[in-house]
Each structure stands twice: as structure tokens, then as C-alpha cells.
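Just so it is clear, the values below take in all heavy atoms, side chains as well, and ignore hydrogens, waters and symmetry mates.
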Amino acid sequence: MKRALVCGAGGFIGGHLVKKLKREGYWVRGVDIKPHEFAPPPVPPNIGGPGGQADEFLLLDLRDPQNCRAALTLPAPRSPQLWGVRGAGVGESTFDEVYQLAADMGGMGFISVAECEVLRNNALINIHMAHTAAEMGVARYFFSSSVCIYRDMQPDEPPLTEDDAIPAEPDNEYGWEKLYAERVAMAYGRRYPMKVRIARFENCYGSEGTWNGGREKAPAAICRKVAEAEDGGTIEVWGDGTAIRVFTYVDDLVDGIYTLMQSDLEGPVNLGSDERVTVADLVRTVIEVSGKRIKVKYVPGPVGVHARNFSKARIKSLGWEAKVSLKEGVAQTYLWIEAQVKAARKTE
Ligand code: NAD
């Protein structure tokens, strides 16, 4: 049985990835600085707190290199000849696959103000995890990057390929850190026998993710606002609705992560749906799915870049493509967020 470590398993995508890896037959350890808020209670044995459906879940701060080592260390397997894989201490072994998704992050509202935290915390996590994984002999290492590493675009521009990231001009510090962390991971992939795979995610949404509190991203925030509004009411949305985005449903995204990790595709790979929509389209879709009559007031706020358009040729070369339409994905997400809003009201 293959063993996988999911860093950031207490978060949105990490939580869904744990479930995917369990379906694929892996033994999975999750690690995070906090428990998963929405995943069902853990199945024992479990250490440290709820971790979705991971076989084991550790609560550790991965900014600390000692904690990275603890996360990566497995007890000795029964057979002594399997002990002490390259770099691991005597009586220790490490993981076949490491998925590094831990990050101090959120939507534009968070990223636009927490630039010091984003740069410091994420650089520490990514440097220490890549270094420790390579030293301990991990065979495959996945890093979750973002299309935030690209420059701003105009609505009618042709797609950018992965190579167009350079010369670099990300719109925010989150993107700069991701670009640096890609380079860290790739350097370790060159200098150690560790296969590194990197996906640049494009706006992921779905259930069991942050939906309130200030770190939520646009799809979750809009679903929450519509779910909270009375029929006939008005919601406020940042910007003017014309920004162009791609929203990728989480089930498609974790399938893409897994497909890429098992492949021979080196270098960063764009991972997202083909459906380019405006923020106004997203808002309309949420309102339609809710069945309510809602008016929209666009107000000033942190919006980010004007437009996104990226080639998906590399990930499609592996046979992957997004299967869930925006309407189908929003319908699932809205139902889940509406249930959270109702549950929160009951406890008020
Ligand atoms: P998330 O915030 O739900 O998950 C990240 C997890 O990392 C959280 O549970 C958090 O507690 C954990 N974490 C933060 N600091 C930590 C630390 N010091 N030690 C251990 N764990 C720590 O975010 P997500 O949406 O699931 O994103 C997962 C990854 O994908 C991140 O690297 C993110 O930058 C990247 N990404 C996400 C999107 C998206 O649309 N959601 C887009 C592009 C890239």
C-alpha cells in the first residue's frame, strides 16, 4: 500500500485530496496547524484532532523544520531491510508521496492586507518541507502553486502558457511567494532523486471550504451572501462584475492533482476549467441556483487582476479535463453553504 502525506489536510483542497487518496487505496497521514472544521469525525487511530478521513492526522506548525521532519517520519516498517531509507534515521521511514498544500492564504480580502504573513509563513513552510522531504528520501513531491504567479491580462488576450510566467509580474505578494516556492521545489527536484510535480491552480471552489470570517474566496462569499439574503433583497459584490475568471470545482481539481502526480510531466502545469466567465456571470449563476430574486450592488473592494486566460494543453496531454460545469458546481456548493448559514443561525 502506498503511503501519502497531505500537508494542509485541515484545509479545503487538502481535505478533499485526503478523500481522493483514500479512494485510490493509499494509507494517508494528514497534517495541519488546525483541525479540519467541516470533515466528519475521525476514525481511530487518530492523533491530534479531526482530520477528515485520513488514517492519521497530526497537528503541527510546518514553519518549523523539526515539525516538517516529524510530519514526514513514519514508524519503522516490520521488515528490517526496509528501514532507514535514504536520509531517514535508523528505524524510520518516510512517505512515497508528499502533497504540499499548507499555506497561510485566503481570498483577495485577506491577501491584499496580510502580505507580510503570506510572504513569511508560506516561504518558511515551503523551504522547510521541500528540503526535509528531499533529505529524507521522499520519492514524489507535489507543490500547490497558483495562477496568481502570472501578470495581469486584458479580456481579449490569447492564452498564456506556463513559460509566459517569465518575465514575472504577479499582481500580489502571494503570487511572488508561489513563484519563488516553485523554484525551490524544482531546485530540490534537480539536486535530489525526488520527482517534483507542480500545479498552478485556478480559483477552486466547492463544499467544506472557508465560507465566512474574511478568508473566504469569491464563490463562497457570493454563495453566503445570497444564502443570507431575504428573497427580494440586495447583496453587495466587490468591483464592477467585469473581471474575467475561471472557477474550478474541487472534485475536478483533486483528480487533476492526482493525475499530474502519477505522471512524468515536469515543470509547472496550469490546472483549471475551460469555462471563462465574468464575476457578474458567477453572481447570476449563484442567484439562479438559489431560486431567489436578488438585486446586486457593485461596490469598491479588492478585486485583483482584470482577466485570466491560460493554456491547459499540458494538463490535457495527460487526458485530464474538467468535467463539472460552473452551474453544476455552484449548485452543489450553494446547497452546502446554505446549510452552514442555517446551522449558524440556529446556534446564534
Ligand atoms: P486552505 O486555507 O483551506 O488550506 C490551507 C491549509 O494550510 C489550512 O488548513 C491551514 O490551516 C494550513 N496551514 C497554514 N499555515 C500552516 C502551518 N504553518 N502549518 C501547517 N498547516 C498550515 O486553502 P486551500 O484553498 O485548500 O488551498 C490549498 C493550497 O492550494 C494552498 O497552497 C493554496 O495557496 C493553493 N491554491 C488554492 C487556490 C484556491 O482557489 N483555493 C488557488 C490557487 C492555489
Side-chain angles (χ1 to χ4, degrees), residues 4-24 26 28-43 46 48-59 99-107 109-110 142 144 146 199 201-228 247-258 271-273 282 285-286 289-290 322-347:
L5 175 69
V6 177
C7 308
F12 166 48
I13 303 171
H16 284 271
L17 182 61
V18 166
K19 293 181 196 171
K20 164 79 181 166
L21 292 168
K22 287 305 300 168
R23 288 196 295 275
E24 295 293 336
Y26 283 64
V28 183
R29 175 186 284 171
V31 59
D32 204 296
I33 199 168
K34 65 160 181 67
H36 199 295
E37 286 164 72
F38 312 112
V43 181
N46 190 282
Q53 294 164 10
D55 296 284
E56 188 175 89
F57 189 88
L58 306 184
L59 283 175
Y99 295 82
Q100 192 337 60
L101 287 93
D104 196 358
M105 65 95 63
F110 174 76
F142 174 86
S144 53
S146 164
F201 299 164
E202 202 159 10
N203 287 333
C204 183
Y205 71 101
S207 62
E208 298 181 1
T210 305
W211 60 277
N212 63 357
R215 284 184 185 240
E216 64 278 18
K217 305 189 108 195
I222 293 163
C223 286
R224 187 199 69 234
K225 288 178 184 191
V226 172
E228 286 173 345
F247 299 101
T248 313
Y249 192 59
V250 66
D251 289 358
D252 281 333
L253 192 96
V254 297
D255 281 352
I257 294 172
Y258 186 70
L271 182 56
S273 150
L282 171 68
T285 308
V286 175
V289 157
S290 76
K323 296 189 183 80
V324 182
S325 70
L326 184 68
K327 188 150 182 205
E328 291 163 337
V330 163
Q332 296 298 322
T333 309
Y334 182 80
L335 274 181
W336 183 82
I337 291 181
E338 189 186 38
Q340 306 307 306
V341 168
K342 284 183 182 159
R345 276 189 181 150
K346 272 192 198 148
T347 57

Peer 1: So, for Val330 and Tyr205, which heavy atoms are closest and what is the spacing to 0.1 Å?
Peer 2: N-CE1, 3.6 Å
Peer 1: Could you tell me whether the side chain of Lys22 and the main chain of Tyr26 form a donor-acceptor pair under 3.5 Å?
Peer 2: yes
Peer 1: Tell me whether Arg224 contacts the main-chain N or O of Gln340 through its side chain, where contact means a donor paired with an acceptor under 3.5 Å.
Peer 2: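 Between the backbone of Gln340 and the side chain of Arg224 there is no qualifying donor-acceptor contact (under 3.5 Å).
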Peer 1: Taking C-beta and beyond as the side chain, do Val6 and Leu21 meet within less than 4.5 Å on heavy atoms?
Peer 2: yes
Peer 1: Indicate yes or no: at least one non-hydrogen side-chain atom of Asp252 is less than 4.5 angstrom from one of Ser273.
Peer 2: no
Peer 1: Less than 4.0 angstrom from a charged side-chain N to a carboxylate O is my criterion; do Arg215 and Asp104 meet it?
Peer 2: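 Yes.
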Peer 1: So, do Ile33 and Leu59 sit near enough that their side-chain heavy atoms are less than 4.5 Å apart?
Peer 2: no
Peer 1: If we ignore hydrogens and angles and just use 3.5 Å, is the side chain of Asp55 paired with the main-chain N or O of Arg29 as donor and acceptor?
Peer 2: no
Peer 1: With the side chain counted from C-beta on, respond yes when Met105 and Lys217 share a heavy-atom pair under 4.5 Å apart, and no when they do not.
Peer 2: yes
Peer 1: Indicate the atoms forming the closest heavy-atom contact of Arg345 with Glu228, along with that distance.
Peer 2: NH2-O, 3.0 Å
Peer 1: Which value, rounded to the nearest 0.5 Å, describes the distance between Thr333 atom OG1 and Phe247 atom CZ?
Peer 2: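 Output value for this atom pair is 11.5 Å.
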Peer 1: For Ile337 and Cys223, which heavy atoms make the closest approach, and how far apart are they?
Peer 2: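 Scanning both residues completely, I find the closest heavy atoms to be CD1-CB, 3.7 Å.
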Peer 1: Measure the spacing between CD of Glu56 and CG of Leu5 and express it to the nearest 0.5 Å.
Peer 2: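 Nearest 0.5 Å value for the CD-CG distance: 10.0 Å.
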Peer 1: Any donor and acceptor pair, going by atom type alone, linking the side chain of Glu202 with main-chain N or O of Cys204 inside 3.5 Å?
Peer 2: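 Looks like no, no N/O pair under 3.5 Å.
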Peer 1: What are the two closest non-hydrogen atoms of Ala54 and Gly30, and how far apart are they?
Peer 2: CB-N, 3.9 Å
Peer 1: How about Trp211 and Val341: do any of their side-chain heavy atoms sit closer than 4.5 Å?
Peer 2: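 Yes; the side chains approach each other to less than 4.5 Å.
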Peer 1: Using only atom types and a distance under 3.5 Å, with no angle test, would you say the side chain of Thr248 pairs donor to acceptor with the backbone of Leu253?
Peer 2: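 No; zero donor-acceptor contacts below 3.5 Å.
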Peer 1: Could you check Lys323 against Tyr249 for side chain to side chain contact (heavy atoms under 4.5 Å, CB included), going step by step and ending with a plain yes or no?
Peer 2: CA-CA 9 Å; Lys323 296 189 183 80; Tyr249 192 59; over 6 Å; no
Peer 1: Short question: side chain of Glu328, backbone of Ser325 - any donor-acceptor pair under 3.5 Å?
Peer 2: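 Side chain of Glu328 to backbone of Ser325, a donor-acceptor pair under 3.5 Å: yes, one is there.
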Peer 1: Taking all atoms of both residues into account, what is the closest heavy-atom pair of Lys20 and Val254, and its distance?
Peer 2: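 Minimum heavy-atom contact is CB-CG2, 4.1 Å.
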Peer 1: Would you find a donor on one side and an acceptor on the other, under 3.5 Å apart, between the side chain of Asp32 and the backbone of Gly10?
Peer 2: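 Looks like yes, one N/O pair under 3.5 Å.
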Peer 1: Which of these, Val250, Leu101, Val28, sits in a side-chain contact (heavy atoms from CB on, under 4.5 Å) with Leu17?
Peer 2: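 With Leu17 as partner, side-chain contact (heavy atoms from CB on, under 4.5 Å) holds for just one option, Leu101.
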Peer 1: If we only count heavy atoms from C-beta on, is the Tyr334 to Ser290 side-chain gap below 4.5 Å?
Peer 2: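 Yes. Closest side-chain heavy atoms under 4.5 Å.
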Peer 1: Would the distance check show the side chain of His36 and the main-chain N or O of Gly11 forming a donor-acceptor pair, the cut-off being under 3.5 Å?
Peer 2: yes
Peer 1: If you take all heavy atoms of Trp336 and Ser207, which pair is closest and at what distance?
Peer 2: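 Heavy atoms of Trp336 and Ser207 come nearest at CG-CB, 3.5 Å.
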Peer 1: Please walk me through it: do Glu216 and Lys225 pass salt bridge (Lys or Arg N to Asp or Glu O under 4.0 Å)?
Peer 2: CA-CA 12 Å; Glu216 64 278 18; Lys225 288 178 184 191; over 6 Å; no
Peer 1: Would you mind reporting whether Phe201 and Ser144 have side-chain heavy atoms less than 4.5 Å apart?
Peer 2: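 A side-chain contact under 4.5 Å exists here.
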Peer 1: Can you tell if the side chain of Ile257 reaches within under 4.5 Å of the side chain of Tyr99, non-hydrogen atoms only?
Peer 2: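 Yes. Closest side-chain heavy atoms under 4.5 Å.
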